[in-house]
Amino acid sequence: MKRARLIIWLCLFFCTLGYAQNFSPDFNLLDTSQIHILETKKGDRFIGKVLKIEQTTLTFLFRPKQELAFEFSELKRVSVYSGVKNTASFQPTYLTIFPTAYNYKQGEWEYQNVDLLWNTLNYGVSDNFSVGGGFIIPFAFLARFKWSTPVSETLQIALNAQSLVPLIEDSTSPFSIISLTGTIGVPDRFLNLGVGYGFDW
């Protein structure tokens, strides 16, 4: 019994430690006015709302009626977005995704899955151009294109186009994001910068 309690306390300690490493000090799940920036270790960047945290799984509001789940091990950082004062002035249309400027090599492909519901397949058409697509089951179809080029050994730039088409009734309209990103560093240690424009269609 004592050994079981010790294991439980150790698990709680390391879960808390992992939580602290991934979340900024100003993050407060109880503050319903906060908007959050979620960054993954792969370089993707989301702006939206953390809805709940269960053990080591985070549920994130991607679009109205569309939620994504992330494991703590996938997260680089979760912080508070200062672009708006509260949720009342936040428009989900402005949710953004900024992938890194790194691209797939010709013939290289990768299948990605998040919480069984978000499934994508990406393929390198050439060393500078890749395409991808997939589904957020049962909400939407995703499509993406990326053109990239190295500027130096530590700087890559890329032009990204991503679209989301809802598949259910009473959902949001289809929308696209076009972004220009620059990634400085190496794949396991980098700084990702980007500007983009999102629009419904």
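A heavy-atom distance below 4.5 Å is not found between the side chains of Phe70 and Thr57. Using a 4.5 Å heavy-atom threshold, the side chains of Val165 and Phe135 count as separate. Residues Leu75 and Leu38 form a side-chain contact, since some pair of their non-hydrogen atoms from C-beta on lies under 4.5 Å apart. For the pair Ile37 and Val78, the minimum side-chain heavy-atom distance is 4.5 Å or more.
From Ser179, atom OG reaches atom CG of Leu193 across 12.0 Å, with rounding to the nearest 0.5 Å. Here CG of Leu164 is found 4.5 Å from CZ of Phe175. Values are rounded to the nearest 0.5 Å. One finds the CG atom of Leu29 at 7.5 Å from the NZ atom of Lys49 (value rounded to the nearest 0.5 Å). The OG1 atom of Thr183 lies 6.0 Å from the OH atom of Tyr102; values are rounded to the nearest 0.5 Å. Between atom OH of residue Tyr197 and atom CD1 of residue Ile178 there is a gap of 9.5 Å, rounded to the nearest 0.5 Å. Interatomic distance, Asn160 CG to Arg144 CZ, rounded to the nearest 0.5 Å: 7.0 Å.
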Legend entry - Test ring-ring contact (aromatic ring centres under 6.0 Å, His included) applied to Tyr104 and Phe129, step by step: CA-CA 8 Å; Tyr104 296 91; Phe129 181 69; over 10 Å; no

Inset, instruction - Test side chain to side chain contact (heavy atoms under 4.5 Å, CB included) on Trp109 and Leu121 and set out the steps. - result: CA-CA 7 Å; Trp109 63 276; Leu121 181 66; 3.5 Å; yes

Inset, instruction - Could you walk me through whether Lys52 and Thr59 pass side chain to side chain contact (heavy atoms under 4.5 Å, CB included), step by step? - result: CA-CA 5 Å; Lys52 61 182 177 180; Thr59 302; 3.5 Å; yes

Inset, instruction - Go through Val131 and Val125 one step at a time and tell me if the side chain to side chain contact (heavy atoms under 4.5 Å, CB included) criterion holds. - result: CA-CA 7 Å; Val131 298; Val125 179; 4.1 Å; yes

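Taking both residues in full, the closest heavy atoms of Gly132 and Asn122 are given as CA-OD1, 3.5 Å, listed atom of the first, atom of the second, then distance. Gly124 and Ser130 make their closest contact through CA-CB, 4.0 Å (heavy atoms, listed as atom of the first residue, atom of the second, distance). Between Ser176 and Ser163, the shortest heavy-atom contact is OG-OG, 2.6 Å. In this structure, Ser148 and Ala158 approach most closely via the heavy-atom pair CB-CB, 3.7 Å. Minimum interatomic distance between Thr56 and Glu71 (heavy atoms only, all atoms of both residues): O-OE1, 3.2 Å. The two atoms that bring Gly48 and Ile35 nearest to each other are O-CG2, 3.1 Å, heavy atoms only.
The only option from Glu108, Lys146, Gln156 that meets the side-chain contact (heavy atoms from CB on, under 4.5 Å) definition with Asn103 turns out to be Lys146.
Between Tyr111 and Tyr123, the ring centre distance reaches or exceeds 6.0 Å. For Tyr81 and His36, the distance between ring centers is not under 6.0 angstrom.
Within the 3.5 Å criterion, the main-chain N or O of Asp26 finds a donor-acceptor partner in the side chain of Gln34. A donor-acceptor contact shorter than 3.5 Å is absent between the side chain of Asn128 and the backbone of Trp147. In this structure, Thr154 contributes its side chain and Gly185 its backbone to no donor-acceptor pair below 3.5 Å.
Note on Leu68: it clusters hydrophobically with Phe27, by side-chain heavy-atom contacts below 4.5 Å among ILVMFWY residues. No single ILVMFWY cluster, assembled from side-chain heavy atoms under 4.5 Å apart, contains both Val80 and Leu58.
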